[in-house]
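Encoded as C-alpha cells, the structure appears first; notes follow it.
Note that ligands are numbered from 1 as they come in the structure, with each ligand's atoms numbered from 1 the same way. Nothing here was measured: the structure is a model prediction, and the numbers come from that model. Here, residue 1 is the first one in the sequence, and each next residue gets the next number.
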Amino acid sequence: MGDQEYDGIWFGGGAAGRFGAAFLKALGGRPLIVEAHCLGGECHVCRCAFENFVADQASMAELMRRYSGKSWYPEIDLSNISMARAVETYRKVGQKAFADTMKHQTEIQLGIEVAWGEGSIHDKNTVEVNGKIYKGRNLVIGTGSRPTLPRIPGIDLPGVMTYKDHPEIRKDPKKMVIIGGGKIGIGKAAMFAPFNVDVTVLEKCTCLPNWDQDVRQYVARDFKRRGIKIFEGVDVKEIRGRGRVEAVVAEVDGKLMEFPCDAVMVSVGLTPNSEVAAKLGVEIGARNEIVIDEGCQTSIAGVYAVGDVAGPPYFMAIARKRGMIAAKNIMGQNARMDDTLPLPDHIYLPPLEATMVGLNEEEARKKYGDVVLIQVPWGPSPRNPKPEEYVPGYENLGLPVCGRMHTLNLLYYGQGMNGLVKAIVEPKSRKYVGFHSVGDGAKTAFQYLSYLLKIGWTVDQMADLHEIFLNAEHFIQLSRLIAGQKELRGFAVQSGADRG
Ligand code: COM
C-alpha cells in the first residue's frame, strides 16, 4: 500500500460511514470519509435527533393541554403555541451543535481524515473531491436514502413536504394531510396535532401493519380521542391547489373524497440513494438499493455498501452495524450481520412512545399455538370514567405509565390513556417471544430485551432480576407475579378467571 492509499474510502459520512470509519481506524486501518454536508448524515438534521426533539416539545404541549386547570395546574393558554417556533430553536442551536459534535468527535477525537466536498467516484479505487484524487484499497458507499415520492399529480406543489422539510417549516400549518400511516406518518401526526394542527392520515393499506394488535388499537383510540383522523384502504389520486396545496383528493370506500388542507406530509417509504454507484456496475435491487451480502460486500470485490443505501431495515443501529461489519471485513476478518438478534422498533406518539421487539401476538399464536400474555391493562375497563375520578374495582388501569411527568395520568384513571405493557411468553419453554410497550422511557430497556429474546430468556430468569421500582416497563415485576406457576398460565390461573 502506498503512503497516499487508504484502507477504506467511506463515501458518505452518515451513521454508517462515521461508525465504520471509526471502527476501521480502531482496528489499525486508515480510513477516509468523503462528505459534502455534515457528518452524522440526516440524523441530527431531520431524522432521529430532530424527531426526538420535536416529539419532546409535542409531549410538553399535549401534557399542558391535558393538565390545564386540573389538580394543581393553572389554566394554560395554548392558542399561540407553534411548531414553527419549536423547529426554529432546533435549527438555530440543535442542528449546529450536533454538527459541531460530530465534526469534533470524528476529526479531532478520533483523528479520522475527512475530505469535505461533493465527491465523485472514478472507479472502485479512486475518488475525486474538489479536484483532488484519493486512492483506496476498498470503497464503502454510505449515501443513505431519501423519502419516496409517489407519482401523484400535484406532488411538486408548494406545501407538500416530507420528513426532510419538517425542520424548515416557517409557518404553522392549520390543516395537514399525512399520506402514509407507517411509523413516520403516525409519528408526524402525533407530533403536529398538539400544536393545534388539524391532522388527517391517509393510508393505502393498514396503519402500522407489523405492530401488535393492542398497540394498533391503542393508537387508533388515542388518535380518535385527540381528533386525529385516520382513513385506511385509501387510494390517493391527486394533490390539488392553485400555486399551493389546497386539498388532497382520494378514493375512500369506492368514493372520491376531498380533504382540504394547507400542508401535506408524504411518508410512504424510503428510496436508497444508490445512483452514485451505478457506474461501478454494482448490482442494484428492486428498491433501488445496492445489493449486499451478509458481510456488506456488493457484487464487486472491494466495494461495500452500508446504511440505508443497502436497503432495509432502515434503522440507525443497522446502519452503524453495517459500517462496523464492512470495516472488519476490510481488515481481514470474516464478519457477518447477526440476524438472530431481533430488531426493536419504535414510534413517537407524544406524549408517549411505542416500542416493540420480537413477535406480535398474532405471529406468536401462529407459531406456537397457545401463548401466555403478561399484560397491563388487563381485563375490562370502566364504562364512562371521568377525569380526576377513581373508579373502584378495576385493577391495573393506572399502572403502565410511571415516568416523571406522566404520574399525573392518575387524573385519567381508567380512560385508556396510560399506555400498555405486554410480554408474550411461550408457556412450555417459559421463554419470552415478544415485548411491546406504549409508555414513556421504555425504549432503553428494549435495546437489551432484544438480546434477552435472542438468548431465550425465561420468565423465571426475569423474576430473578433486580427491578428499580417504579420503572418504565414493568416486565420484571409483572413476570415475577406469575413465575411461581409450575404450569405457566398467566394471571388467569391465579384469579380463577379466564380473562387473558
Ligand atoms: C448521530 C449520527 S447524529 S451518527 O450515527 O452518530 O453518525
Would you call Glu5 and Arg30 a salt bridge, taking side-chain N to carboxylate O under 4.0 Å as the test?
-> no
Do Phe98 and Tyr90 touch side chain to side chain, with heavy atoms closer than 4.5 Å?
-> yes
Going by heavy atoms in the side chains, are Leu24 and Trp10 under 4.5 Å from each other?
-> yes
Part of Ala49 within contact of ligand 1 (heavy atoms, under 4.0 Å) |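 The answer is neither.
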Can a donor-acceptor pair be found between the side chains of Thr271 and Asn288 at a distance below 3.5 Å?
-> no
Donor-acceptor side-chain pairing of Asn196 and Arg65 below 3.5 angstrom = yes
What are the atoms of ligand 1, with element, lying closer than 4.0 Å to any heavy atom of Phe19?
-> 4 (S), 5 (O), 6 (O)
Proximal atoms of ligand 1 relative to His44 (non-hydrogen, under 4.0 Å) | 3 (S)
Nearest-neighbour protein heavy atom for [atom], which is reported as residue plus atom name and distance:
atom	value
atom 7 (O) of ligand 1	Arg18 NE, 2.6 Å
atom 4 (S) of ligand 1	Arg320 NH2, 3.4 Å
atom 1 (C) of ligand 1	Cys43 SG, 3.3 Å

Are the aromatic rings of Phe192 and His166 close, with centres under 6.0 Å apart?
->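 Yes, they do, as the ring centres are separated by less than 6.0 Å.
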Any non-hydrogen atom of Gln105 lying under 4.0 Å from ligand 1?
->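 No; Gln105 lies far enough from ligand 1 that no heavy-atom distance drops under 4.0 Å.
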